[in-house]
Amino acid sequence: MAISKQEFHDAVLYILGQIPKGKVTTYGKIAKMAGFPSHARYVGKLLSQLPQDSKLPWYRVINGQGRISFSEDSERYITQKSLLEQEGISFLNGKVNLKIHQWCPE
DNA sequence: GGAATGACTCTCA
DNA sequence: ATGAGAGCCATTC
């Protein structure tokens with residue numbers, strides 16, 4: 001079946017809501033789980049449209065290198081890093097250890 | 001319709 | 001390990 005962009009949008013938000021506390025995932029993986037392996041950038045665009053006070057854990061999404069896709073000076077970077085640290089996710093040199101913290105769906 | 005943009009990822013030197 | 005380049009795709013102008 002052909003999934004519309006609306007469905008993709010919903011799928012991404014749904015997946016986002018499934019990320020357990022203390023875990024993170026990447027744009028690429030979300031896109032893949034939603035059924036589109038190469039829509040990583042679109043996931044980012046979706047998140048950029050979310051309000052910063054959204055109930056959804058947008059901050060649990062980072063890029064494939066375990067890094068936050070903002071400059072270290074930006075408010076978003078600081079906010080995201082703080083929220084993740086509150087959930088027990090440790091940063092090493094500005095990077096998350098994906099081996100440990102990445103969400104591994106069953 | 002073409003060009004630029006972006007919260008990405010992969011490959012190769 | 002690190003950085004540059006290319007590929008990717010929806011959106012906006």
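Here is the naming used below: chain letters follow the sequence lines, and residue numbers restart at 1 for every chain. As the structure is a prediction and not an experimental result, all values here were calculated from the model.
Ring geometry, Y42(A) versus F8(A): the interplanar angle falls under 30°, so the pair is classed parallel (tilted spans 30 to 60°).
Comparing dT9(B), dT11(C), dA7(B) by their closest approach to the side chain of A40(A) singles out dT9(B). Picking from dA7(B), dC8(C), dT11(C) the nucleotide with the shortest atom distance to the side chain of R41(A) gives dC8(C). Checking dT11(C), dC8(B), dC8(C) against every side-chain atom of S38(A), the shortest atom distance belongs to dC8(C). Here dA7(B) is the nucleotide among dT11(C), dC8(C), dA7(B) with the atom lying nearest to any side-chain atom of S69(A).
Proximity of K29(A) to the phosphate of dT9(B): no side-chain N or O atom is located under 4.0 Å from OP1 or OP2. Taking 4.0 angstrom as the limit, S48(A) places none of its side-chain polar atoms (N or O) nearer than this to OP1 or OP2 of dG6(B). Dashed line: the shortest gap from a side-chain N or O of H39(A) to OP1 or OP2 of dA10(C) is under 4.0 Å.
For the pair E72(A) CD and dA7(B) C1', the interatomic distance rounds to 15 Å; values are reported in whole Å. Rounded to whole Å, the distance from OH on Y27(A) to P on dC8(B) is 6 Å. Per the geometry, CD belonging to Q65(A) stands 13 Å off C1' belonging to dA7(B), to the nearest Å. Atom NZ of K95(A) is separated from atom P of dA7(B) by 21 Å (rounded to the nearest Å). Distance I30(A) CD1 to dC8(C) C1': 17 Å, rounded to the nearest Å. The CZ atom of F8(A) sits 12 Å away from the C1' atom of dC8(C) (whole-angstrom rounding). Taking atom NZ of K5(A) as the reference point, atom P of dA10(C) lies 9 Å away to the nearest angstrom. Put simply, OH on Y42(A) is 19 Å from C1' on dG7(C), counting in whole angstrom units.
Closest non-hydrogen pair, E87(A) versus R60(A), comes out as OE2-NH2, 2.7 Å.
Within residues 74-89 of chain A, no residue is approached by DNA chain C to less than 4.0 Å at the level of any non-hydrogen atom.
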Exercise. Applying side-chain contact (heavy atoms from CB on, under 4.5 Å), run through Y27(A) and N63(A) and close with a yes or a no.
Key: CA-CA 6 Å; Y27(A) 301 95; N63(A) 68 23; 4.0 Å; yes
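The closest donor-acceptor contact from the side chain of S54(A) to the backbone of L50(A) lies at 3.5 Å or more, if one exists at all. Judged by distance alone, with hydrogens and angles left aside, the side-chain atoms of K23(A) form a donor-acceptor pair with the main-chain N or O of I100(A) at under 3.5 Å.
Here the options are I15(A), L98(A), I30(A), the test is side-chain contact (heavy atoms from CB on, under 4.5 Å), and the partner is T25(A); only I30(A) passes.
Taking the side chain as every heavy atom from C-beta outward, K32(A) and F36(A) never approach each other to under 4.5 Å.
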